[in-house]
Structures are given as structure tokens and as C-alpha cells.
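This report refers to the structure that appears directly beneath it.
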Amino acid sequence: MSKIVTIERFILDYQPDYARGEFTNLLYDIALAAKVIAHKTNRAGLTDILGRAGATNIQGEQQQKLDVFADDIIFRICDHTGRLCAMASEEREDFMQIPEPYKKGSYVLVYDPLDGSSNIDVNVSIGTIFGIYRCVDWDLRGRIEDVLQPGRKLVAAGYVLYGSSTMLVYTTGQGVNGFTLDPELGEFLLSHENMRLPEPPAYYSVNHAYYEKWSPATQRYLRWLQGSEGKTGQPMSSRYIGSLVADIHRNLLQGGVFCYPAEVNKPNGKIRLLYEAAPLAFLVEQAGGYASNGYASIMDLQPTDLHQRTPLYIGNRSLVYQAEKFLQEEHSVSGSMTTG
Ligand code: AHM
Ligand code: MG
């Protein structure tokens with residue numbers, strides 16, 4: 001008989017050496033926020049929550065009610081616990097210091113409260129993404145330097161997928177583990193132990209509608225994924241949900257690559273470095289994969305702006321390396337043409 005392990009038990013048993021109660025309890029807080037958001041998203045069609053809230057976020061996009069709700073819940077669960085010195089959310093223009101009179105803690109939480117919001121109205125999977133850093137200076141209240149840290153400095157990261165079931169998948173740098181919410185018990189139970197990207201990869205995920213906006217090297221890479229341009233091995237199939245968490249989760253289970261490339265008029269693509277790309281890069285690296293902007297590891301990119309975007313290639317290592325190969329060849333040819 002397989003053993004039943006709750007997320008609380010697992011977090012406690014596998015907490016990193018440096019973890020005191022603060023870090024462990026922060027993970028519990030995130031699991032609690034995930035349960036609250038899952039409860040609300042599952043009832044979305046029943047409670048007049050669908051539709052746009054009318055507000056426009058910093059990215060110039062209309063927020064929907066569940067985005068606002070999820071953002072608020074995460075903030076309110078985490079602001080007064082004494083574990084954080086700052087938070088930053090994709091839905092808020094500025095980062096947030098822990099308000100007085102609450103005690104400040106040693107960690108920073110960055111999060112995308114509800115990613116894939118265009119899928120809410122059509123009952124398609126959506127997700128929450130989070131990353132945890134240590135504060136740069138433990139003696140001070142949160143500053144921008146605490147938030148703008150490269151992915152390499154993450155101490156934990158994960159996502160929650162609100163799909164046919166709710167799953168929380170996270171890493172603290174010792175592999176990746178997934179937990180499924182039992183709605184009757186209200187508990188996340190260990191269901192996917194030590195997740196690794198399988199080989200050979202099955203899928204590539206990209207929005208083909210942007211093909212004409214990509215550079216020739218990006219177009220070549222896509223043709224390579226489709227089996228031309230010298231690709232050997234099993235042909236890959238295409239899957240694209242348009243919810244980053246759902247696309248990454250499927251590829252984590254079945255192998256593959258997710259791409260959101262640079263476009264001619266959008267050189268940084270769409271995906272946010274701090275709230276989306278870096279946490280998922282850490283997680284995928286811990287599952288044996290790799291994430292790149294086409295030229296460098298996402299983990300090494302130093303954010304200079306809270307809402308900075310980056311092109312993203314993420315998934316099985318060999319597939320992401322091939323994207324870098326095509327893009328870097330193009331870069332060196334165009335570089336030698338301008339200098340020659
Ligand atoms: P969001 O943070 O506003 O929800 O946007 C991010 C989402 C990702 O989940 C998804 O991968 C991407 O946008 C889809 O974009 P597109 O519709 O351009 O393919
Ligand atoms: Mg998002």
C-alpha cells in the first residue's frame with residue numbers, strides 16, 4: 001500500500017538545512033492561499049465572479065475579478081505573519097513592504113496570482129506562480145534590491161494548477177514534487193514524487209499565430225521542432241493551452257518545450273521575468289530541464305524592472321539548447337555583418 005503524505009508532513013520532513021520555522025511556515029501559507037483560490041475558482045461559474053472587474057493593471061490589460069481576488073488573498077495571508085520583508089505581484093505596479101506594525105521576516109515573495117486569466121471565462125485551466133528569495137539585508141524593511149534578484153538566488157519556487165484537479169508543484173532546490181488537493185479532506189496529498197522531464201519529449205508549445213512576427217532563426221527552430229531542418233528522433237506533437245502553468249505542467253509530465261519567442265515589434269516577448277519565467281526556470285531546472293531567453297539561462301538574468309518581460313524557451317534541456325543554437329548563429333551572423 002502506498003503511503004499517504006500531506007504537504008505539511010512533506011514540507012516538515014524535507015525542509016532545507018537553513019529552514020527555521022519561518023521558511024517552512026511560509027510554504028504552508030502558500031498552500032493555504034492555493035486552497036482558498038482553488039475553492040473560489042471552482043465556484044467561478046456559480047458566483048457571478050466571471051467577467052472583468054473593469055480595472056486595468058500595470059501591463060495595460062484588463063483585470064478580471066478572480067485575478068483581483070487571488071492577488072488580495074495571497075497578500076492578506078502573507079502580510080502579517082512575520083516571515084516576509086517584501087512582496088511583489090504581477091497585478092501591482094509597485095512592490096509591497098510589509099506594513100507596520102507587523103513584524104518583518106527574512107524572505108521575499110514574488111507571485112503571479114492568477115496566470116492565464118484570458119482562460120477564466122472559458123473554464124480552461126489557470127494557475128498561480130510563486131518564487132521565494134531571501135532578503136538581501138535582513139535588518140532593513142523590504143527594498144527594491146530585495147525583490148530584483150536573479151532566479152539563481154531563489155530558495156523555493158512553484159506553481160498551483162487549477163485544472164481538472166488542483167495541484168501544487170514546488171521545489172526548494174532538492175528536486176520537484178507535486179501534490180494534489182483532495183477537496184473532501186481539504187489537504188494537498190503527495191501524488192507526484194520527484195518529478196523529472198521524461199525523454200523523449202512529446203510536445204512543443206507555442207502560439208503559431210505569431211509565426212510571421214518571429215526572426216528567421218526562430219521560424220527555423222519551429223520548423224526543426226516540427227521535424228524538418230535536420231531534426232532526428234521521434235516527431236513531436238504540438239499542444240498550446242495559452243495558460244503558462246498548464247502548458248508547463250503538461251510538458252513536465254510528458255516532456256517538451258514551451259516557447260514564447262521575441263517578436264519583431266516585441267523584442268522581449270510577453271512572459272514576465274520575475275513572476276513567471278524565473279520561478280518556472282528554477283523548477284524546470286530542478287526537474288532536469290533548462291530555461292533560456294535564447295542566449296542565456298533565465299536563472300542568470302538580473303531583473304532591472306519589476307515588470308520586465310523576457311523571451312522564454314523552457315523544457316527538456318536538449319530542445320532548449322537547440323533554440324539557443326539557432327538564435328546564437330543568427331546573432332553572430334548579423335553581428336559579423338554589422339562589424340564586417
Ligand atoms: P497573463 O499573465 O496576462 O495571464 O498572460 C500570460 C499568459 C500565459 O499564461 C500564456 O502562456 C500566455 O499569456 C499566452 O499568450 P498568447 O495569448 O499571446 O499566446
Ligand atoms: Mg501571468
Side-chain angles (χ1 to χ4, degrees), residues 115-116 118-119 122 124-127 159 161 163 195-273 276-277 280-281 283-285 287-299 301 309-335 337:
D115 183 66
S118 65
N119 277 327
V122 290
V124 170
S125 299
I126 43 183
Y159 61 77
L161 173 66
M195 297 168 82
R196 307 285 300 170
L197 279 152
E199 292 282 353
Y203 298 118
Y204 72 90
S205 315
V206 70
N207 190 337
H208 275 279
Y210 305 135
Y211 188 86
E212 294 302 328
K213 298 178 182 169
W214 297 331
S215 74
T218 312
Q219 294 177 343
R220 211 176 139 212
Y221 177 56
L222 260 293
R223 291 197 300 275
W224 181 84
L225 289 170
Q226 290 165 342
S228 51
E229 298 286 342
K231 186 175 189 310
T232 55
Q234 229 165 294
M236 293 169 71
S237 194
S238 158
R239 292 281 188 284
Y240 190 74
I241 296 170
S243 272
L244 184 57
V245 169
D247 279 311
I248 296 278
H249 183 71
R250 184 204 47 249
N251 290 357
L252 198 54
L253 293 180
Q254 310 205 311
V257 63
F258 172 94
C259 320
Y260 207 111
E263 293 167 20
V264 176
N265 295 320
K266 259 198 320 193
N268 296 323
K270 179 181 185 189
I271 304 301
R272 286 74 165 178
L273 176 57
E276 299 172 324
L280 293 172
L283 188 128
V284 161
E285 216 172 72
Y290 176 54
S292 171
N293 64 358
Y295 303 95
S297 168
I298 293 287
M299 296 284 281
L301 301 180
R309 297 171 193 260
T310 176
L312 178 64
Y313 299 85
I314 182 168
N316 285 61
R317 205 160 264 276
S318 57
L319 299 177
V320 180
Y321 283 159
Q322 187 65 37
E324 287 187 332
K325 185 165 176 287
F326 282 134
L327 287 164
Q328 288 171 14
E329 272 170 19
E330 180 179 66
H331 192 69
S332 59
V333 168
S334 65
M337 276 165 66

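From a predicted model like this one, the values you see are computed outputs, not experimental measurements.
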Can you see which heavy atom on A296 is nearest to which on L301, and at what distance?
CB-CD2, 4.3 Å
Using a 4.5 Å cut-off on heavy atoms from C-beta on, say whether the side chain of F326 contacts that of R223.
no
Heavy atoms, side chains only, cut-off 4.5 Å: are S125 and L161 in contact?
yes
Any side-chain heavy atom of L327 sitting closer than 4.5 Å to one from S215?
yes
Give the minimum heavy-atom separation between P261 and P311, together with the two atoms involved.
C-CB, 4.2 Å
Do the numbers put K270 on top of the ring of Y210, so that NZ or CZ is under 6.0 Å from the six-membered ring centre and no more than 45° off the axis?
no
Could you tell me which residues satisfy side chain to side chain contact (heavy atoms under 4.5 Å, CB included) with Y321, sequence neighbours excluded, listed by chain and number?
Y290, R317, E324
Output yes when a side-chain donor or acceptor of Q254 lies under 3.5 Å from a complementary backbone atom of A202, and no otherwise.
no
In Å and rounded to the nearest 0.5 Å, what is the CD to CG distance from E263 to N268?
11.0 Å
Can you confirm whether H208 sits close enough to L222 that some side-chain heavy atom of one is under 4.5 Å from a side-chain heavy atom of the other?
yes
Working to the nearest 0.5 angstrom, can you tell me the gap between M236 CE and R239 CZ?
11.0 Å
What closest approach, in Å, do N316 and P198 show between heavy atoms, and which atom pair accounts for it?
ND2-O, 2.9 Å
Within the structure provided, determine whether W224 and L319 are in side-chain contact (heavy-atom separation under 4.5 Å).
yes
Taking every heavy atom of G256 against every heavy atom of P201, the minimum-distance pair comes out as N-CB, 3.4 Å
Could you grab the distance from atom OH of Y260 to atom NZ of K266, nearest 0.5 Å is fine?
4.0 Å
Full working for side-chain contact (heavy atoms from CB on, under 4.5 Å) between F258 and R250:
CA-CA 10 Å; F258 172 94; R250 184 204 47 249; over 6 Å; no
Between D247 (side chain) and G242 (backbone), is there a donor-acceptor pair under 3.5 Å?
yes
Which residues pass the ring pair (Phe, Tyr, Trp, His ring centres under 6.0 Å) test with Y240, not counting sequence neighbours?
none
Evaluate D115 against Y159 for side-chain contact (heavy atoms from CB on, under 4.5 Å), listing each step before the verdict.
CA-CA 10 Å; D115 183 66; Y159 61 77; over 6 Å; no
At their closest point, which heavy atom of N119 faces which heavy atom of I241, and how far apart are they?
ND2-O, 3.5 Å
Can you confirm whether Y221 sits close enough to C259 that some side-chain heavy atom of one is under 4.5 Å from a side-chain heavy atom of the other?
yes
Are E329 and R220 close enough that some pair of their side-chain heavy atoms sits under 4.5 Å apart?
yes
Residues passing the side chain to side chain contact (heavy atoms under 4.5 Å, CB included) test with A277, sequence neighbours excluded, are I271, L273, I298, T310, L312
Looking only at heavy atoms, what is the nearest atom pair of S205 and N251, with distance?
OG-ND2, 3.2 Å
Does W214 form a side-chain contact (heavy atoms from CB on, under 4.5 Å) with V206? I'd like the steps, not just the answer.
CA-CA 12 Å; W214 297 331; V206 70; 3.6 Å; yes
How long is the span from the OH atom in Y203 to the OG atom in S237, to the nearest 0.5 Å?
6.0 Å
Could you walk me through whether E199 and S318 satisfy the side-chain contact (heavy atoms from CB on, under 4.5 Å) test, starting with their C-alpha distance in whole Å, then the side-chain angles of each, then the deciding distance to 0.1 Å, before giving a yes or no?
CA-CA 10 Å; E199 292 282 353; S318 57; 4.3 Å; yes
